[in-house]
Amino acid sequence: MAKITAGIGCSHVPAIGAAFDQGLTQDPYWKPLFDGYPAAQEWMKKHKPDVAIIVYNDHGSAITLETIPTFAIGVADEFQPADEGWGPRKVPVVKGHSALAWHLAETLIINEFDMCVMNKLDVDHGLTIPMNITCGLVDEWPFAVIPIAVNVVMFPVPSGDRCWRMGEVIRQAVESFPEDLKVVVFGTGGMSHQIHGERSGMINTKFDTAFLNDLTKNPQRLRKIKHEEYVTDSGAEGIEMVMWMAMRGALGNNVHEVYRHYHVPASNTAAAVIVMETGKETSPKKKAAKKKAATKKAAPGKKAAAKKVVKAKATKKKAVARKPAKKVAKKAVAKKPAKKAAKKAVAKKKAAPKKVTAKKAVKKPAKKKVVKKK
Ligand code: DHB
Ligand code: FE
């Protein structure tokens, strides 16, 4: 049976693609952004999905203002790169997974998401840049792709909650597909940005950070964000984040963050990549290994002191309770400090990338809620 194993939220700023394509990733302007990508690429290499369902938006490359489907799904065997601005990128052709795509189309339509079925769909930076960000520069993409295009270019656009509910049906469809497939879901676009008008260049790191945090901590809050709030607080093009909601809706309840990078600015945009896995945080085997490593790492002095305290407590217990005192003491000594140390080690591990994030986020004057570009 097919299974959704991870979700990725990823910006798709066209200038990031141009920097990739022109070999500018180590340029002083771009380096701090691109430094955040190898870790995501390493994760992808290890994770090895068979298929990526990429919820993205077209920018007038394949879908023009003449006909605007609210939701469209690409069911073809392959999708040609196309683009406005810098023109079509010289990236590999995107291979589809027609069987799963048709199953998704059917399940979505039966469940009242009336998809526009695209037998031909050229894919622009909204889809190919997140692929480069998570796969690097490759001769061939390492997984098949099912593009799901969402209209976020002309109002009325679907709400974040509507996208979330589409994500739930995407999950239902994947889980009812008989082939054994490892599926990841992307939501692309964002974060805060506005690329036209008076507020052009606005960034809101506070909004973005809360959004990133709540993808795992409080996703139900994100479901309540209305169009007006996206546009007011994250900029007119910040509305692209509704596509992250489709991704998040597809992941279900049991989700944990494994990697995050956030940088301002990338062109006119706050750029992020976040990786979340579904299922238990770590396998019991890995958890035990982590515990062992953490205990080893813990300072011997501290460890001994902790043991002493616990031992003293255990002895006290022993004196009071006659029954399984030995067991209690043993348990207390073995488990307590290890748990604490493991927790500490995990917290430390978690804190490290966040430190970088915070530092980078404040690079731009982030004191004001809305920062206007000069
Ligand atoms: C730009 C365009 C986008 O589609 C986007 O999501 C972010 C930035 C731009 O032209 O800068
Ligand atoms: Fe965009």
Side-chain angles (χ1 to χ4, degrees), residues 8-22 24 27 29-30 33-34 36-37 54-65 68-72 81-89 91 94 121-134 147-155 157-158 160 163 186-205 207-208 211-212 227 230-231 233-247 261-274 364 370-374:
I8 296 163
C10 189
S11 301
H12 63 222
V13 187
I16 296 177
F20 260 120
D21 300 343
Q22 294 168 21
L24 299 175
D27 180 274
Y29 177 83
W30 289 110
L33 175 73
F34 280 87
Y37 297 160
I54 304 191
V55 184
Y56 79 109
N57 73 287
D58 178 89
H59 301 75
S61 310
I63 299 170
T64 70
L65 292 180
I68 303 184
T70 303
F71 297 120
D83 232 311
E84 32 86 47
W86 275 277
R89 300 185 58 223
V91 289
V94 175
L121 177 61
D122 295 343
V123 287
D124 73 5
H125 67 268
L127 186 136
T128 60
I129 288 171
M131 286 178 77
N132 280 126
I133 288 173
T134 52
I148 293 185
V150 177
N151 166 40
V152 291
V153 297
M154 197 181 87
F155 279 85
V157 308
C163 290
F186 281 68
T188 91
M191 299 202 81
S192 58
H193 67 299
Q194 175 152 340
I195 52 177
H196 67 274
E198 242 180 60
R199 296 196 309 164
S200 183
M202 72 152 283
I203 302 284
N204 187 347
T205 56
F207 178 94
D208 292 341
F211 191 93
L212 288 168
H227 294 132
Y230 277 113
V231 174
D233 290 352
S234 73
E237 278 72 38
I239 194 76
E240 287 183 341
M241 277 183 268
V242 298
M243 296 179 292
W244 293 41
M245 294 300 288
M247 171 273 290
H261 179 71
Y262 177 81
H263 177 73
V264 176
S267 184
N268 295 308
T269 310
V273 57
I274 186 167
K364 252 215 153 175
V370 173
V371 182
K372 229 178 168 189
K373 198 184 152 229
K374 278 162 222 155

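Every number for a ligand or one of its atoms is a count from 1 in the order of the listing.
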Asks: Minimum heavy-atom separation for M191 to S11, with atom names?
Replies: N-OG, 3.5 Å
Asks: What heavy-atom pair brings I129 and V13 nearest, and what distance separates the two atoms?
Replies: CD1-O, 3.3 Å
Asks: Of all the heavy-atom pairs spanning H193 and N268, show the shortest one and how long it is.
Replies: CB-O, 3.7 Å
Asks: Contact between E237 and ligand 1, counting heavy atoms under 4.0 Å?
Replies: no
Asks: Within a distance under 4.0 Å of any heavy atom of H59, pick out the atoms of ligand 1 and give their elements.
Replies: 4 (O)
Asks: Any idea which atoms of ligand 1 are less than 4.0 Å away from a heavy-atom of H12?
Replies: 4 (O), 5 (C), 6 (O)
Asks: Would you sort out whether I16 and Y37 count as a side-chain contact (heavy atoms from CB on, under 4.5 Å), showing the intermediate values?
Replies: CA-CA 11 Å; I16 296 177; Y37 297 160; 3.7 Å; yes
Asks: For atom 5 (C) of ligand 1, what is the closest protein heavy atom, and at what distance to 0.1 Å?
Replies: H193 NE2, 3.2 Å
Asks: Angle at the Fe ion (ligand 2): provide the value between OE2 of E240 and NE2 of H12, rounding to 10 degrees.
Replies: 100°
Asks: If you take the nearest heavy atom of each of A266, P14, A270, G126, which one is closest to atom 10 (O) of ligand 1?
Replies: P14
Asks: For ligand 1, which atoms, with element, lie under 4.0 Å from some heavy atom of E240?
Replies: 4 (O), 6 (O)
Asks: Search all heavy atoms of L24 against all heavy atoms of W30 and return the closest pair with its distance.
Replies: O-CB, 3.5 Å
Asks: Looking at atom 11 (O) of ligand 1, what's its closest protein heavy atom, distance included?
Replies: S267 OG, 3.4 Å
Asks: Looking at CE of M241 and OG of S192, how far apart are the two atoms once the value is rounded to the nearest 0.5 Å?
Replies: 6.0 Å
Asks: Write out the residue and atom name of the closest protein heavy atom to atom 8 (C) of ligand 1, then the distance separating them to 0.1 Å.
Replies: T269 OG1, 3.3 Å
Asks: Given salt bridge (charged side-chain N to carboxylate O under 4.0 Å, His left out), test D21 with R89 step by step and report yes or no.
Replies: CA-CA 8 Å; D21 300 343; R89 300 185 58 223; 2.8 Å; yes
